[in-house]
Amino acid sequence: EPEVTQTPSHQVTQMGQEVILRCVPISNHLYFYWYRQILGQKVEFLVSFYNNEISEKSEIFDDQFSVERPDGSNFTLKIRSTKLEDSAMYFCASATSGSVNEQFFGPGTRLTVL
Amino acid sequence: AQKVTQAQTEISVVEKEDVTLDCVYETRDTTYYLFWYKQPPSGELVFLIRRNSFDEQNEISGRYSWNFQKSTSSFNFTITASQVVDSAVYFCALSARFGNEKLTFGTGTRLTIIP
């Protein structure tokens, strides 16, 4: 069964460093998402992406964040200068087109900022 | 604005008991989707069910059942004859009327099944 994959599973970085989280969505999906879950808290929407552009972004998704689909298969989230409060689990999700809206989630990348 | 409330932060039940997880939502949309996801200790999000706002039929899948009541804006989830493997955090979520909109999650209910 096709699935969303994410790498790395765990990333440790120093405050102020740039990180890139990678996702490979399901191959025929057209909608892509990033969500964040701070430890012990709820899952929060960051950004959605369709047709090579951002569809919607949340207040969390400030200028430090960017997304890209560089090669038609990967979907990346970049954090330019990480802060301690960026420590969280980051989930990528993808969905097909249409009104069904079943988002398939990847296993997540745990980001730890020291 | 959309909001999902899961008032039960933590629930513990003894194995084989039935347990109901509550979910109350707020939305201005007349068409929307409701979801339940399971997050086991390993951390991934496992899709359980999607329901659209026009379909108020209750659904049963094995030991799981869902009760959608538009009149009270609730979408409750019942596990019958609970098992230790049901121990997880369960999230209720809501998305807006159009397809492929973002999901708004509740704060989750941590369910512990005691053997």
Side-chain angles (χ1 to χ4, degrees), chain A residues 1-6 8-10 23 25-26 28-51 54-61 67 88-112, chain B residues 1-10 21 23-27 29-55 59 61 88-112:
Chain A
E1 187 173 324
E3 57 183 20
V4 177
T5 59
Q6 290 185 242
S9 56
H10 191 188
C23 168
I26 294 172
N28 63 341
H29 285 188
L30 301 176
Y31 295 82
F32 313 110
Y33 311 82
W34 283 100
Y35 292 84
R36 174 180 90 172
Q37 184 183 30
I38 294 172
L39 186 64
Q41 297 186 24
K42 68 177 178 181
V43 180
E44 300 173 291
F45 168 76
L46 290 178
V47 65
S48 58
F49 191 86
Y50 171 71
N51 201 25
I54 290 174
S55 311
E56 185 177 358
K57 58 184 180 179
S58 71
E59 294 171 354
I60 304 168
F61 195 89
V67 289
M89 181 76 95
Y90 289 81
F91 290 103
C92 172
S94 69
T96 58
S97 61
S99 61
V100 172
N101 196 23
E102 181 178 343
Q103 293 180 24
F104 291 80
F105 282 81
T109 293
R110 178 161 298 286
L111 176 65
T112 302
Chain B
Q2 299 183 321
K3 187 177 177 184
V4 177
T5 301
Q6 294 180 257
Q8 303 152 310
T9 308
E10 295 193 31
L21 309 182
C23 172
V24 173
Y25 62 91
E26 295 174 31
T27 179
D29 296 324
T30 53
T31 303
Y32 49 88
Y33 295 90
L34 294 160
F35 304 78
W36 276 95
Y37 284 85
K38 175 182 179 179
Q39 187 174 45
S42 48
E44 72 272 24
L45 287 166
V46 179
F47 169 81
L48 296 177
I49 191 172
R50 175 190 61 251
R51 174 63 81 228
N52 81 50
S53 53
F54 291 116
D55 183 1
E59 180 154 341
S61 175
V89 180
Y90 290 86
F91 290 98
C92 181
L94 168 70
S95 77
R97 62 188 183 278
F98 298 115
N100 304 112
E101 295 280 336
K102 67 183 180 192
L103 295 174
T104 299
F105 284 82
T107 49
T109 297
R110 180 176 299 280
L111 176 64
T112 302

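So you know, we letter chains A, B, ... as the sequences are listed, proteins then strands, and number each from 1.
- The environment of CZ in B:Arg110 is sparse: at most 12 heavy-atom neighbours from other residues, nucleotides or ligands sit within 6.0 Å.
- Under the side-chain contact (heavy atoms from CB on, under 4.5 Å) criterion, A:Ile54 pairs with A:Val47, A:Phe49, A:Lys57, A:Phe61, A:Val67, not counting sequence neighbours.
- At a 4.5 Å heavy-atom cutoff, A:Phe104 makes no contact with chain B through either its backbone or its side chain.
- Under the ring-ring contact (aromatic ring centres under 6.0 Å, His included) test applied with A:Phe105, the options B:Tyr37, B:Phe91, B:Phe47 reduce to a single match, B:Tyr37.
- Between B:Thr104 and A:Phe45, every side-chain heavy-atom pair lies at or beyond the 4.5 Å cut-off.
- With a threshold of 4.5 angstrom between heavy atoms, A:Gln37 approaches chain B through side-chain atoms but not through N, CA, C or O.
- Taking OG from A:Ser55 and NZ from B:Lys102, the interatomic distance works out to 11.5 Å, rounded to the nearest 0.5 Å.
- Two residues are said to be in side-chain contact when any heavy atoms from C-beta on lie closer than 4.5 Å; A:Gln103 and B:Leu103 meet this criterion.
- Interface remark: A:Glu56 contributes side-chain atoms only to the contact with chain B (heavy atom separation under 4.5 Å).
- How far NZ of A:Lys42 is from CD of B:Gln39: 14.0 Å, rounded to the nearest 0.5 Å.
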